[in-house]
Amino acid sequence: MYSAHLLRGLILPIQQIPETLTRTQAHSRPESWVDVIVIGAGPTGLACAIEAQRAGFKVLTIDKGCVVNSIYNYPANMVFFTTPELLEIGDIPFTTANQKPNRHEALEYYRNVADHYHLHICQYQWVKTVTGDDGNFRVTATDRCGGIHDYRARKIVVSTGYYDLANQLQIPGEELPKVFHYFREPHPFYDTDVLVIGAKNSAAIAALDLWRHGARVTLVHRGDRLHDHIKYWIRPDIENRIKNGEIPAYFNTTVTEIANDHVILNTPEGPVHLNNDFVFALVGYHPDYDFLRSMGIELSSEQCRPVCDPETLESNVPGIYVAGVIVAGSRTNEIFIENGRFHGKQIAADLRQKLGGKGTAA
C-alpha cells in the first residue's frame, strides 16, 4: 500500500500521430486533441485546469496517481496546519466543523470540486514525453498495464509537485521491502522495532503516531537537534517523548546500513547495532528535475528553479507553463497549496491573451 503512488509504466516508443487533425476528428476523439494539458492533478493542477476551462478552453489533466495523490499519501490522521479557506480552489467553499481540516475532509473536498467542474482527469497515467512546439505539443503517457496514450495540445501546464519523489539515503539495504519513504498509519507496526530517520514534521508525526500505537520507535537525525520548522503543537510532544526516553533519539547520527533484522548507526560515540523490523526514511522529497529538463525547461544552477516569467509562469519553452511548488525548485517550503492555488489565474490570463480566448471548447 505504501508504493501505490509509485506505479510506473514502461517507457515505450511514441506512436505516430497525424500532423493535423480536423475539427471533426478532434470531436470524435475528445481525449486526444485539447487546448491545454495539465500534467499533475494536485490542488494546484486542479486550479489550473479550472481556470483554463473557465476561460473557454478544452482541458485535459493527467496524473500518474490518483486525484490529489500527494494528499492521499499523507498520514491517515493528518490535520492541516492551515485553515480551510486557504485550501479552496475554483471559488468553491471548503466547509468543515473543525478549525483546521484533516486529510479525509481535504480528499472529499477536492473530489467534489473536480465533480463540480466536470474536469476531465486521466488518473494513473504517467507522462513520459512532451515533444513538439508551441501550439502543437505531443504528450505520451503510459498506464498501469503498459498501454500507451497519445495526446495533442496547444499549451502545456506542468504542475507535478514534489511529493512523489523521495530523497534517497544512498546506503546499502535501502531497497529492502522493510524500508518506506511514506507513512500512512501505525497499526501494521504494532509491537515491532521501528527506526524513523529525519527530524522535520513528517518524521515527528510518524514517530509519535507509531509510539502511541505500540511500536518501539527510535529516531535518528544527522543534525544536532529537531528541525526548527516543526509545528508548534507537535514540538513539545516529541521533545517530551525524547526527554522521557520513550522515543530514544540519536542526533549527529547517520544510518550506514540497513539489514533484514537490524540497522547500523554511525553515532558520535561510534557504531551502534540496533535490532530492527521496519525503517521510515522521512528525509524529504524533490521535484522531478529530469522530467522538466526533458522538455527543454532550463533550471537555475543552485536551486533548480525553472526559468519562467514571474507574471505569466510561462517557462523558457514557449507554450509550456509551470505551476505550484516546482516553481520554487529545491526551495519546496516556499510554495504551498495556499499560494500555489493562484497560479491557475495567472496562467489562464496569459492563455486568453495568446489564444484569443477561443479554444476547441468555444
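Quick note: residue numbers are just sequence positions, from 1. Quick caveat: nothing in here was measured; it's all calculated off a predicted structure. All values below come from the heavy atoms of this structure, side chains included, with hydrogens, waters and symmetry mates left out.
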Q: Grab the two heavy atoms, one from Ile337 and one from Pro43, that are nearest each other, plus how far apart they are.
A: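 It is CD1-CG, 3.7 Å.
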
Q: Between Phe137 and Tyr151, is a ring pair (Phe, Tyr, Trp, His ring centres under 6.0 Å) present by the stated rule, with each step listed?
A: CA-CA 8 Å; Phe137 288 106; Tyr151 306 100; over 10 Å; no

Q: Return yes if some donor-acceptor pair links the side-chain N/O of Ser330 with the main-chain N/O of Gln303 below 3.5 Å, else return no.
A: yes

Q: Is the ring pair Phe94/Tyr109 parallel, tilted or perpendicular, if the boundaries are 30 and 60 degrees?
A: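 Ring orientation, 0 to 90° scale: parallel.
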
Q: Have Ser300 and Glu302 got a donor and an acceptor in their side chains that come within less than 3.5 Å?
A: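 Distance-only check fails for Ser300 and Glu302.
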
Q: Is there side-chain contact between Asp150 and Val139, with heavy atoms separated by less than 4.5 Å?
A: no

Q: Regarding Arg154 and Asp134, does a basic nitrogen lie under 4.0 Å from an acidic carboxylate oxygen?
A: no

Q: Decide side-chain contact (heavy atoms from CB on, under 4.5 Å) for Phe251 and Leu226; before the verdict, give the C-alpha distance in whole Å, the side-chain angles of both, and the deciding distance to 0.1 Å.
A: CA-CA 9 Å; Phe251 293 103; Leu226 295 170; 4.2 Å; yes

Q: Would you say Thr312's side chain and Glu314's backbone share a donor-acceptor pair under 3.5 angstrom?
A: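 Yes: the side chain of Thr312 pairs with the backbone of Glu314.
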
Q: Can a donor-acceptor pair be found between the side chains of Arg222 and Asn252 at a distance below 3.5 Å?
A: no

Q: Check Asp35 with Lys58, please: is the shortest side-chain N to carboxylate O separation under 4.0 Å?
A: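 Salt bridge absent between Lys58 and Asp35.
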
Q: Can you see which heavy atom on Ala52 is nearest to which on Val59, and at what distance?
A: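 Shortest heavy-atom contact: CB-CG2, 3.7 Å.
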
Q: Report yes if the side chains of Val179 and Ile258 come closer than 4.5 Å at any heavy-atom pair, otherwise no.
A: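 In contact.
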
Q: Are Phe280 and Tyr182 grouped together when hydrophobic residues (ILVMFWY) are joined by side-chain heavy atoms under 4.5 angstrom apart?
A: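 They do share one cluster, since a chain of ILVMFWY contacts under 4.5 Å joins Phe280 to Tyr182.
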
Q: Is there a side-chain contact between Asp133 and Pro318 in this structure, where contact means two heavy atoms from C-beta onward sitting under 4.5 Å apart?
A: no

Q: To the nearest 0.5 Å, tell me how far Leu119 CG sits from Gln53 CD.
A: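 Here the interatomic distance stands at 5.5 Å.
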
Q: Measure the shortest side-chain to side-chain distance between Phe183 and Pro186 over non-hydrogen atoms and say whether it is less than 4.5 angstrom.
A: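 SC-SC contact between Phe183 and Pro186 confirmed.
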
Q: Starting at CG of Asn112, measure out to CD1 of Ile92 and round the result to the nearest 0.5 Å.
A: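 So the gap between those two atoms works out to 9.5 Å.
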
Q: Is the backbone of Ala281 close enough, under 3.5 Å, to the side chain of His181 for a donor and an acceptor to pair up by distance?
A: yes

Q: Are Met78 and Asn102 side-chain neighbours, meaning at least one heavy-atom pair lies under 4.5 Å?
A: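 They are not in side-chain contact.
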
Q: Find the distance between CD1 (Ile171) and CG (Asn266) and round it off to the nearest 0.5 Å.
A: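 Here the interatomic distance stands at 11.5 Å.
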
Q: Using a strict 4.0 Å threshold on nitrogen-to-oxygen distance, state whether Asp228 and Lys200 make a salt bridge.
A: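 Salt bridge absent between Asp228 and Lys200.
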
Q: What's the verdict on side-chain hydrogen bond (donor to acceptor under 3.5 Å, both in side chains) for Asn77 and Arg103, showing C-alpha distance, side-chain angles and the deciding distance?
A: CA-CA 7 Å; Asn77 298 319; Arg103 167 187 171 274; over 6 Å; no

Q: Crowded around Glu311 CD? As in, over 12 foreign heavy atoms under 6.0 Å?
A: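 No, the 6.0 Å shell around CD holds no more than 12 heavy atoms from other groups.
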
Q: Please report the closest heavy-atom contact between Leu299 and Cys304, naming both atoms and the distance.
A: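 Looks like CD2-O, 3.8 Å.
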
Q: May I ask you to test the Phe80-Tyr74 pair for a side-chain heavy-atom distance under 4.5 Å?
A: yes

Q: Salt bridge (charged side-chain N to carboxylate O under 4.0 Å, His left out), that's the test. Do Arg111 and Asp115 meet it? Break it down for me.
A: CA-CA 6 Å; Arg111 289 197 308 269; Asp115 286 342; over 6 Å; no

Q: Would you compute the distance between atom CD of Glu108 and atom OG1 of Thr96 and round it to the nearest 0.5 angstrom?
A: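 Reported value, rounded in 0.5 Å steps: 10.0 Å.
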
Q: So does Asp290 pair up with Arg293, basic N to acidic O under 4.0 Å?
A: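 Looking at Asp290 and Arg293, the cut-off is met.
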
Q: Donor-acceptor check, side chain of Tyr162 to backbone of Gly284, threshold 3.5 angstrom: yes or no?
A: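 Such a contact is absent between Tyr162 side chain and Gly284 backbone.
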
Q: Could you measure the distance from the CG atom of Leu265 to the CD atom of Glu257? Nearest 0.5 Å is fine.
A: 11.0 Å

Q: Quick one: OG on Ser202 to OH on Tyr163, what's the gap to the nearest 0.5 Å?
A: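 The OH atom of Tyr163 is 5.5 Å from OG of Ser202, to the nearest 0.5 Å.
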
Q: Gly42 and Asp63: which non-hydrogen atoms are nearest, and at how many Å?
A: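 Heavy atoms only, the tightest pair is N-OD2, 4.2 Å.
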
Q: So do Tyr110 and Ile71 actually touch side chain to side chain, heavy atoms under 4.5 Å?
A: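 Heavy-atom side-chain distance check passes, below 4.5 Å.
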
Q: Between Thr267 and Glu269, is there a donor-acceptor pair closer than 3.5 Å when you use the side chain of the first and the backbone of the second?
A: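 Looks like yes, one N/O pair under 3.5 Å.
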
Q: Would you indicate whether the side-chain heavy atoms of Asn276 and Lys178 approach each other to under 4.5 Å?
A: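 Sidechains of Asn276 and Lys178: in contact.
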
Q: Would a distance-only check, ignoring hydrogens and angles, find a side-chain to backbone donor-acceptor pair under 3.5 Å from Asn339 to Glu334?
A: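 Yes: the side chain of Asn339 pairs with the backbone of Glu334.
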
Q: Can you tell me if Asn69 uses its side chain to pair, donor with acceptor, with the backbone of Gly40 under 3.5 Å?
A: no

Q: Can a cation-pi geometry be assigned to Lys100 and Phe81, taking NZ or CZ under 6.0 Å from the six-membered ring centre and within 45° of the ring axis?
A: yes

Q: Is it true that atom NZ of Lys231 has more than 12 heavy atoms of other residues, nucleotides or ligands lying nearer than 6.0 Å?
A: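 Enclosed.
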
Q: Heavy-atom count around His227 NE2 within 6.0 Å, excluding the residue itself: above 12?
A: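 It does: His227 NE2 has more than 12 such atoms within range.
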
Q: Looking only at non-hydrogen atoms, find the nearest pair between Cys308 and Val327 and report the distance.
A: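 That closest heavy-atom pairing would be SG-CG1, 4.5 Å.
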
Q: Going hydrophobic residue to hydrophobic residue with side-chain gaps under 4.5 angstrom, can you get from Tyr250 over to Val196?
A: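 No, because Tyr250 and Val196 fall into different hydrophobic clusters, even though each may have its own neighbours under 4.5 Å.
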
Q: Would a hydrophobic clustering, with Ile, Leu, Val, Met, Phe, Trp and Tyr connected at side-chain separations under 4.5 Å, put Ile264 with Val255?
A: no

Q: Any salt bridge linking Lys354 with Asp350? Criterion: basic side-chain nitrogen under 4.0 Å from a carboxylate oxygen.
A: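 Salt bridge between Lys354 and Asp350, a charged N being under 4.0 Å from a carboxylate O: yes.
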
Q: For Asp143 and Gly147, indicate whether the former's side chain and the latter's backbone hold a donor-acceptor pair under 3.5 Å.
A: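 A pair under 3.5 Å: yes.
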
Q: Before giving the answer on side-chain contact (heavy atoms from CB on, under 4.5 Å), spell out for Ile62 and Ile37 the whole-Å C-alpha distance, their side-chain angles and the decisive distance to 0.1 Å.
A: CA-CA 7 Å; Ile62 307 174; Ile37 286 179; 3.9 Å; yes

Q: Does one hydrophobic cluster hold both Ile247 and Tyr190, with members joined at side-chain heavy-atom distances below 4.5 Å?
A: no

Q: I'd like to know if Val36 and Leu313 are part of one continuous hydrophobic network [Ile/Leu/Val/Met/Phe/Trp/Tyr, side-chain heavy atoms within less than 4.5 Å].
A: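 The answer is yes; both residues are in one hydrophobic cluster.
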
Q: Between Glu105 and Ala97, what is the shortest heavy-atom contact and its length?
A: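 Distance-wise, the nearest heavy atoms are OE2-N, 4.4 Å.
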
Q: Look at atom CZ of Arg225 and say whether more than 12 heavy atoms of other residues, nucleotides or ligands are closer to it than 6.0 Å.
A: no

Q: Looking at Asp209 and Arg184, does any basic side-chain N land under 4.0 Å from a carboxylate oxygen?
A: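 Arg184 and Asp209: not salt-bridged.
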
Q: For Lys128 and Val130, run side-chain contact (heavy atoms from CB on, under 4.5 Å): C-alpha distance rounded to whole Å, both residues' side-chain angles, the deciding distance at 0.1 Å, then the answer.
A: CA-CA 7 Å; Lys128 295 296 185 178; Val130 177; over 6 Å; no

Q: Indicate yes or no for a side-chain donor-acceptor contact from Lys64 to the backbone of Thr160 under 3.5 Å, with no hydrogens or angles considered.
A: no

Q: Just one of Val158, Leu351, Ile156 clears the side-chain contact (heavy atoms from CB on, under 4.5 Å) bar with Tyr321, so which one?
A: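 Testing Tyr321 for a side-chain contact (heavy atoms from CB on, under 4.5 Å) against Val158, Leu351, Ile156 leaves exactly one candidate, Leu351.
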
Q: Taking Val283's backbone N and O only, do any of them form a donor-acceptor pair with Asn167's side chain (distance below 3.5 Å, no angle check)?
A: yes

